[in-house]
Amino acid sequence: MKLSIVVSVYNEAQVLPQFVAELKAALAGLDCESEVLMVDDGSVDGSRELLDNIAAEWECMRVLHFTRNFGHEAAMIAGIDHATGDAIVCMDADCQNPPAMLGEMLKCHAEGNDIVTMVREERADGGWLNHITSRLFYRIINRLSDTHLQPNASDFFLVSQRVADVLRNDYRERTRFLRGLIQTVGFRSATLSYQAPRRAAGKSHYSLSSLTRLAFTSIAAFTKAPLKLGIYSGLLFGLLSVALIVYSIVMWIVDRPVGGYTTLIIFLSAFAAVVLLVVGITGYYVGIVLDEAKGRPLYLIDYTKEKNP
Ligand code: UDP
Ligand code: MG
């Protein structure tokens, strides 16, 4: 049994030494062969050199350096693509995904689970805004899409070789949300919960705006439901206009023409807003189709570094 650890690293020079120490300690306590794949997602803070130095001394570690920053998701995909283990664990480099949980995750895998989803208990570093928006996000996505996504699932998870093959061969879309995707492939899965400590140092790369973008991407990746807004609002405005037409004709017949300025303004502006919203949503999905049609690579590797190449 071989375990692959995939770690996405973007400007984590401050935390890497601590993380590597924690990971080494955890791996030493496991009774299996292991490989560590660090994916450097275009770091510019010295993480690059630091990783190469660590790899030069630690034989089970390999570093994949991206040509530029491709994002956390791409880093995890690249790691999964290059992993050779029977089980693959993705984790962050900031010590928020405790390596001490690896033993329990492997036990779960050994019991026959192809997927082990890690759910974090209350985030130590998340404020109330984070809490509310995260709950809102899962509520919306679960309402709109057919599959149920586990709230608070993290980018800390284990997949078996079989699931990794599915991800490598069949889920190559550019607009994706990996931790959601692995919950939709089926297979036997288990959930473990863990305490996410505070970030060891530095700060999160996800601002509120990038989280919002991720939320839109995820919704678009999982459901076409927003596209139906045009149909529903069309029906609603159709009914409203029938009522308005009937009302106006009746008033005209009884010779009491209505001063329709207010009605017109309300109707027109609401209608225009809905039409533009629908056009925007459609445009968003068209953009996704365009990205997929271009078929550009999910990531590009500059070079890899390992002790014994
Ligand atoms: N990360 C990455 N590419 C990016 C942004 C982040 O590989 O463009 C890595 C980062 O180094 C960390 C993990 O993804 O190991 C999670 O990022 P972060 O801790 O900033 O997110 P949070 O834990 O706050 O959700
Ligand atoms: Mg983090």
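Counting starts at 1 for both ligands and their atoms, in listed order.
- Residue-ligand proximity, Glu12 to ligand 1, at heavy-atom distances under 4.0 Å covers atoms 10 (C), 11 (O), 12 (C), 15 (O).
- Counting atoms of ligand 1 from 1 in the listed order, those under 4.0 Å from a heavy atom of Ser8 are 7 (O), 9 (C), 10 (C), 11 (O), 12 (C), 15 (O).
- Under 2.8 Å from the Mg ion (ligand 2) lies an N/O/S atom of Gln96, whether from backbone or side chain.
- Close approach of ligand 1 to Asp94 is summarised as follows: ligand atoms under 4.0 Å from at least one heavy atom of the residue are 19 (O), 23 (O).
- Under the 3.5 Å distance criterion, the side-chain polar atoms of Gln150 are left unmatched by any main-chain donor or acceptor of Gln183.
- The Mg ion (ligand 2) lies closest to atom OD2 when only the N/O/S atoms of Asp94 are considered.
- In plain terms, the two heavy atoms of Asp92 and Phe19 that are nearest each other are O-CE1, 3.5 Å.
- Counting the atoms of ligand 1 from 1 in the order shown, those under 4.0 Å from a heavy atom of Asp41 are 2 (C), 3 (N), 4 (C), 7 (O), 8 (O).
- Classified by interplanar angle (parallel below 30°, tilted 30° to 60°, perpendicular above 60°), the ring pair Phe267/Phe271 is parallel.
- In this structure, Asn142 contributes its side chain and His148 its backbone to no donor-acceptor pair below 3.5 Å.
- Side chains of Asp45 and Ser47: a donor-acceptor N/O pair is present below 3.5 angstrom, by distance only.
- Comparing His205, Met76, Gln96 by heavy-atom distance to atom 5 (C) of ligand 1, the nearest is His205.
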